[in-house]
Amino acid sequence: MTLPFGNPSRALVLTIAVAAGSGLVHGSAAAAASGPFLAHQALYDLSLVKSRGSNSVSDARGRILYNFSGNSCEGYTSEFRQVSELDSGEGKVTLSDLRSSSWEDASGKSYRFKIDTRMNDSESSPVDGTAERVGDHITVKLTQPVKKTFNLDGKIVFPTEQIQHIIAAARDGKSVLEQTVYDGSDNGEKVYNTLTVIGRPLAGDRAPSSPDPSTASDAMKTMTRWPVTVSYYDSDARAKDGEQTPVYAMSFELYENGVSRALVLDYNDFVISGALDKFDVRDSKPCK
């Protein structure tokens with residue numbers, strides 16, 4: 001069973017939308033387009049916006065705590081915990097507790113991940129593995145849930161690479177970006193096709209309609225941000241009638257330093273908002 005608020009690793013990366021540093025992606029143009037990314041801690045409050053479809057949801061709530069640190073020399077580390085509760089009515093409540101940590105090499109060559117999920121009173125479902133870019137392919141080695149080694153297409157990107165490409169595309173004035181992403185999701189074997197739609201830039205001095213701690217931070221006041229919507233498609237599913245419905249979509253405002261705000265998560269049957277409740281800039285160790 002998946003988490004009520006979606007895929008664990010994907011929620012980790014794009015809900016919080018933190019990217020790695022300037023040397024992350026393979027293309028020099030994309031790398032040059034971005035500056036240093038911000039080490040910080042963020043706390044998000046999750047709440048139900050609306051419910052639709054046959055699988056009605058009467059309430060949803062939760063919190064996400066996220067820590068990001070690192071630099072372009074040592075790579076980037078993220079730690080994440082999400083506790084969430086989904087009420088389907090008639091006393092049917094699903095409580096999930098997700099803990100995740102990951103490290104990604106700044107050159108996009110290596111990715112390590114650990115994800116541990118608990119649903120209600122069930123035993124934890126850990127996923128543990130590494131992914132290494134070797135020549136024209138990526139070799140994934142899982143130690144949990146089962147020991148397994150397999151290869152992926154070398155054009156697939158890791159999570160922080162994905163965000164880096166989005167920021168680079170936004171800076172270049174592009175409005176659409178397609179990427180295939182591997183992040184250790186589900187049982188560690190999932191690959192997603194993504195379609196990103198990027199809106200016009202919002203200058204740092206443009207006041208948001210709903211302020212939060214990020215917009216009040218001195219570190220953020222001069223930062224450009226873009227409205228972004230990313231839709232996720234199961235790469236193994238076949239389109240029906242020439243069209244494929246996304247598994248879910250995330251909308252947010254993405255700052256050029258990798259922080260995101262004003263989250264909206266659409267899971268087809270229900271929509272969740274993620275309001276930034278607390279935001280603290282952390283000391284960043286310079287690259288030697």
Side-chain angles (χ1 to χ4, degrees), residues 2-3 6-27 30-31 37 39 64-82 96-118 123-166 179-194 230 232 234-236 247 258 285 287-288:
T2 59
L3 283 177
N7 179 292
S9 184
R10 180 61 47 209
L12 164 65
V13 178
L14 277 175
T15 301
I16 310 305
V18 172
S22 59
L24 182 62
V25 300
H26 304 303
F37 282 76
I64 294 173
L65 179 64
Y66 185 79
N67 285 284
F68 170 78
S69 62
N71 58 46
S72 59
C73 294
E74 298 177 356
Y76 297 88
T77 299
S78 61
E79 296 179 347
F80 167 96
R81 186 177 183 185
Q82 175 181 333
S96 67
D97 187 349
L98 163 68
R99 302 183 189 211
S100 177
S101 63
S102 65
W103 175 87
E104 190 167 330
D105 173 62
S107 64
K109 293 181 179 179
S110 300
Y111 175 54
R112 298 198 301 260
F113 54 92
K114 290 184 179 181
I115 306 167
D116 193 359
T117 308
R118 293 179 183 270
E123 294 184 3
S124 64
S125 303
V127 178
D128 191 343
T130 62
E132 299 284 340
R133 198 178 300 276
V134 182
D136 62 352
H137 66 276
I138 295 170
T139 298
V140 178
K141 294 182 179 180
L142 299 177
T143 57
Q144 289 182 295
V146 295
K147 289 187 177 181
K148 187 173 184 178
T149 300
F150 57 93
N151 291 332
L152 298 173
D153 190 313
K155 295 180 181 179
I156 292 173
V157 299
F158 298 139
T160 45
E161 285 185 280
Q162 179 190 13
I163 301 296
Q164 184 76 30
H165 279 295
I166 292 173
Q179 300 180 92
T180 304
V181 182
Y182 175 78
D183 59 14
S185 298
D186 297 339
N187 61 356
E189 300 180 45
K190 198 70 173 179
V191 174
Y192 280 92
N193 296 328
T194 68
V230 188
Y232 303 93
D234 187 342
S235 63
D236 295 327
V247 177
K285 188 174 173 182
C287 190
K288 295 180 180 180

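Quick note: residue numbers are just sequence positions, from 1. All values derive from a computational prediction rather than experimental measurement.
- Partner F158 forms a side chain to side chain contact (heavy atoms under 4.5 Å, CB included) with one of V181, I138, D105 and no other, that one being I138.
- Closest approach of V230 and Q162 over heavy atoms only: CG1-NE2, 4.1 Å.
- A pairwise comparison of heavy atoms in G154 and R133 identifies O-NH1, 2.6 Å as the closest pair.
- Note: D116 CG to R81 CZ = 10.5 Å, rounded to the nearest 0.5 Å.
- For the atom pair F80 CZ and N67 CG, the distance stands at 11.5 Å (nearest 0.5 Å).
- In terms of modelled atom types and a separation under 3.5 Å, the side chain of T77 and the main chain of S69 share no donor-acceptor contact.
- A pairwise comparison of heavy atoms in W103 and S110 identifies CZ3-CB, 3.8 Å as the closest pair.
- Side-chain contact check for Q164 versus V157: every heavy-atom pair is 4.5 Å or farther apart.
- The CD1 atom of I115 sits 9.5 Å away from the CG atom of D128 when rounded to the nearest 0.5 Å.
- Evaluation of the side-chain hydrogen bond (donor to acceptor under 3.5 Å, both in side chains) rule for T180 yields N193 as partners, not counting sequence neighbours.
- Across A131 and V140, no two heavy atoms sit closer than the pair CB-CG2, 4.1 Å.
- With E189 as the partner, the side chain to side chain contact (heavy atoms under 4.5 Å, CB included) test is satisfied by one option alone out of D186, N187, V191: N187.
- Partners of S235 under the side-chain hydrogen bond (donor to acceptor under 3.5 Å, both in side chains) rule, at least two apart in sequence or in another chain, do not exist in this structure.
- Side-chain N or O atoms of Y111 include one that pairs as donor or acceptor with a backbone N or O of D183 at under 3.5 Å.
- In this structure, OG1 in T139 is found 8.5 Å from CG in L152, a value given to the nearest 0.5 Å.
- A distance of 8.0 Å separates CZ in R99 from CZ in R118, rounded to the nearest 0.5 Å.
- Using a 4.5 Å heavy-atom threshold, the side chains of Y66 and S78 count as touching.
- Remark: the backbone N or O of G188 is paired with a side-chain donor or acceptor of Y182 at under 3.5 angstrom.
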Would S101 and E79 count as a side-chain hydrogen bond (donor to acceptor under 3.5 Å, both in side chains) if you check the C-alpha gap in whole Å, the side-chain angles of each, and the deciding distance to 0.1 Å?
CA-CA 4 Å; S101 63; E79 296 179 347; over 6 Å; no

Stepwise side-chain contact (heavy atoms from CB on, under 4.5 Å) check, E132 with K141:
CA-CA 9 Å; E132 299 284 340; K141 294 182 179 180; over 6 Å; no

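- When every heavy atom of P126 is checked against every heavy atom of Q144, the shortest pair comes out as CG-NE2, 3.5 Å.
- With a 4.5 Å cut-off on side-chain heavy atoms, D234 and K190 count as touching.
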